[in-house]
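In what follows, chains are A, B, ... by sequence order, proteins preceding strands, each numbered from 1.
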Amino acid sequence: MMWALRRWVQSAATVLSNAYALFPFTRNIYQGKLKSVCVPGLNCYSCPAATGACPLGSLQTIFANIRPSFKAGNFHIGLYVLGMLGITGSLVGRMPCAWVCPFGFLQELIHKIPSRKIEIPHWMIYIKYGFLALFVILLPLIVVDGLGYGTTWFCKYVCPTGTLEAGIPMLILQPQLRELAGLLYLNKIAILIVFLVLMVFIRRPFCRTVCPLGAIYSFFNKVSVFRMVHHPDTCVLCKECYKGCPMGVRFYEGANQPDCIRCLKCMQESCKFDAISYEFAGLPVKEEKAESAKSP
Amino acid sequence: MWNTKKSGFLLLLLFLVVLVIGINAGEVAAVWEKAVNICLSCVGIG
Ligand code: SF4
Ligand code: SF4
């Protein structure tokens, strides 16, 4: 039940984040007022259908333009975007990754393709903090041109969401842009293809190893208003939670780990021993379980 | 001791303040301006 609900929410969020249906006629991106609000998931604002701003792209732009902004007396340091991310994170931690991120949704769908599944070494989940520190914060802040402008390193050299949602469709919609496609474009296409292939074999490879947005939300998992709870007294260490988890989290080793995206699959479907629940503001929430998870 | 039950609400309050400061500093317009122009970096051509 919860699983079906999540699929509906993921589908609705993907459509709402990309609801600008006039782009085939305008051959351009949406330019309305909604674009000043960041969507909670990873969704490129240069996607012709995008209705909101990408939080990661917005943050990088503000960091890259920080010197000219200070010179002009504007003092834009990213508080508006950080505020939006912080409010979401404080309330639900990394939950947007499971419920409203279009790129997370895509990874789960592609992972359904039948194949041998591979597990990544645990240390790889820490790589995303390097991408956040370097490509989103430090490089845009430090590497600047003569006028003091930096660049959006993550968007430019890495982001496969941008390639999929903006790189491919914009070159179709605006043929004049094709002349500009060179090595940079090939690099981004190659990264996208690598991740599309990895998604078949590995659970959410991008979210777990690279996504700086997931890295930001993960800082809130242990302190957010909504939190998962593990009950060691009833846990029999059967590890079913780990087997079914879309993020490969070993829930039995502790609740609210950085990679838990609060999809609730372990609680609703995997655990037959009532060893998993969640709480809101410290108050336990009782939930009816899915039929399949009722008896051991 | 740090009360983990209240931590989420305290952070929520803190980030609400951060958001309001950002709005007052004119950052909404900065985000909008970037988001309504095609970003060549995102596309992979600049
Ligand atoms: S599925 Fe439940 S009982 Fe089994 S290891 Fe996970 S938390 Fe423990
Ligand atoms: S640990 Fe449970 S709630 Fe967290 S991501 Fe895995 S299945 Fe979902």
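Residue contact with chain B, scored on non-hydrogen atoms closer than 4.5 Å, is absent for A:Leu59. Residue A:Asn28 touches chain B through its side chain alone, counting heavy-atom pairs closer than 4.5 Å. When heavy atoms are compared at a cutoff of 4.5 Å, A:Tyr157 does not approach chain B at all. Only the side chain of A:Thr151 comes within contact range of chain B, with at least one heavy atom under 4.5 Å from a heavy atom of that chain. With a 4.5 angstrom heavy-atom cutoff, A:Lys156 touches chain B via backbone and side-chain atoms both.
Pairs of residues two or more places apart, or lying in two chains, that qualify as side chain to side chain donor-acceptor pair (under 3.5 Å) and include a residue from residues 81-97 of chain A are A:Arg94-A:Asp259.
Between B:Val28 and A:Ser36 the shortest heavy-atom distance is CG1-CB, 3.6 Å. Of all the heavy atoms in B:Leu19 and A:Ile87, the pair that sits closest is CD2-CD1, 3.9 Å. Nearest heavy atoms, A:Ala53 versus B:Val31: CB-CG1, 3.8 Å.
Of the possible donor and acceptor atoms, one in the side chain of A:Lys35 sits under 3.5 Å from a partner among the backbone N and O of B:Ala35. Of the possible donor and acceptor atoms, none in the side chain of B:Trp32 sits under 3.5 Å from a partner among the backbone N and O of A:Leu34. A donor-acceptor pair is defined here as one N or O able to donate and one able to accept, closer than 3.5 Å; such a pair exists between the side chain of A:Ser46 and the backbone of B:Cys39. Although no hydrogens or angles enter the test, the distance criterion places no donor-acceptor pair under 3.5 Å between the side chain of A:Gln31 and the main chain of B:Asn37. For A:His76 (side chain) and B:Ala25 (main-chain N/O), a donor-acceptor pair under 3.5 Å exists by modelled atom type.
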